[in-house]
Amino acid sequence: MSKVPRDQIDDQRVKKKRISDDKFAYRTVIITSIFGIIFYAISLLFNIEILKFYVNGNVIFSIIDLLIKVAAPLLFFLFMMISIGNFKELKGKPLDWKELILLFILSVGQTLLDILVFSFTFIGLIIILAYFYLIQEI
Amino acid sequence: MSSYSIVFSNGATTEIKANFGEAPVIDGVIDDSTREWKDASKIQTNLTDLPVKLWVMQTNKDLFVSVQFDLLQGYHSSNEFLGLIISVNSSENQEDFYDAKFVQFLNISENIFSYLDYFVNNSVFINDTAYSGRGAGKVEGDSSVYEFSIPINQNITEGNEGDVFLEYGKDYAFNISYGEDPVYPQGIKKSDIFLISINSPKIHEIIPLDVVLNSLTVLVFSIIGIFCVYYVYKIFKLKSKIQRLRG
């Protein structure tokens, strides 16, 4: 029979679980921030038009070009929001509105050169924010 | 030689420099509520013996001229007109005035007018095939108001060969003529020549929108870049902090 008290075993279990949770959260911070940075790079290449997915007015290529330009800042916002959220959670603080608004401005600011891309990105960001706000309320 | 009363050289031309300002609406109305013509160069002068107010202003695209005068109601002719006959440069020789623009009233009591653009060839006024610029007039009580806009630095296209090409930074002689019968030049009753100076465009005042947007986009991407570097540094710092706490 074990001579270790029951309370001590429970404490060790809780501690192990917390370490495991922290490890998971930390890994999530790293992975999501890597994805965020990748989408930032894609957005930089396409929205500043260093790269262009556009061949002689071809409609399909134009749509793909538009999709990349819109999707990249949206995914940047999504991954960076998750990453910063987890990062702050590890530090024991919640993600507040100031950081969200700053992230929102930095995401939509990537699309200033094209009014169509800007409009779609703006709507997309509002939808993402509304979604996260609503699931929190539920 | 022509035998009408139009003045082509009196040796004492009044000079007026066009000020930059917001383009007025060419409708024969000086709208004080929108402070139309507020930046114009304004002089009080005479067309022969008719006292007139002459206002001149410009934008980067157009030259604007307004002439206003008062006549007792009974003295307004039902076919009153006001015209600008423009010289090819600052020369006041008759043959150099080859572009004429008129606001001609058809029925002054109902303020019905038409804008006419002529090419003047040896005192013969020939209707332009394509009109350039705009003109409008309005008579209210004793007062007549005439407004004109003439393009500056715009290329002469087909049909506009009879128009004077107004260039930035140059002076042009304008014969301003008032008349009572729609016959040119015989209907001209009073006229005088004014030298109008056109300024060079104000490039420095207008920052194109695309330059502003490009700069903002570069700024946003730079901020994100700096933020990412700082964030990665903070993540690694957090890792060592967590390890220290576990230890």
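All values below come from the heavy atoms of this structure, side chains included, with hydrogens, waters and symmetry mates left out. Reminder, nothing fancy here: chain letters follow the sequence lines and each chain counts from 1.
- Looking at A:Ile84, both its backbone and its side chain come within 4.5 Å of chain B, counting heavy atoms on both sides.
- With hydrogens and angles disregarded, no donor-acceptor distance shorter than 3.5 Å links the side chain of B:Gln68 to the backbone of B:Lys53.
- Ranking B:Asn214, B:Leu219, B:Leu209 against chain A, the residue ahead of the rest is B:Asn214, based on heavy-atom pairs under 4.5 Å.
- Using a 4.5 Å cut-off between heavy atoms, A:Ser83 contacts chain B through both its backbone and its side chain.
- Below 4.5 Å, heavy atoms of chain A meet heavy atoms from B:Phe227, B:Cys228, B:Tyr231, B:Val232, B:Lys234, B:Ile235, B:Phe236, all part of residues 227-237 of chain B.
- Under a 4.0 Å N-O distance rule, the pair A:Glu99/A:Lys93 does not qualify as a salt bridge.
- A centroid separation of 6.0 Å or more is found between the aromatic rings of A:Tyr40 and A:Phe35.
- Heavy atoms closer than 4.5 Å to chain A are found in the side chain of B:Ile223, but not in its backbone.
- Between B:Phe64 and B:Phe148, the ring centre distance reaches or exceeds 6.0 Å.
- Nearest approach of B:Asn199 to B:Tyr168, heavy atoms of both residues: O-CD2, 3.4 Å.
- The main-chain N or O of A:Phe39 is never found under 3.5 Å from a side-chain atom of A:Ser43 such that the two would form a donor-acceptor pair.
- Between B:Phe113 and B:Phe81, the distance separating the two ring centers is not shorter than 6.0 angstrom.
- Ion pairing between a basic and an acidic side chain is recognised when a charged N comes within 4.0 Å of a carboxylate O; B:Asp62 and B:Arg134 show no such pairing.
- Of the listed residues B:Asp210, B:Leu213, B:Ile224, B:Val218, the one with more heavy-atom pairs under 4.5 angstrom with chain A than any other is B:Ile224.
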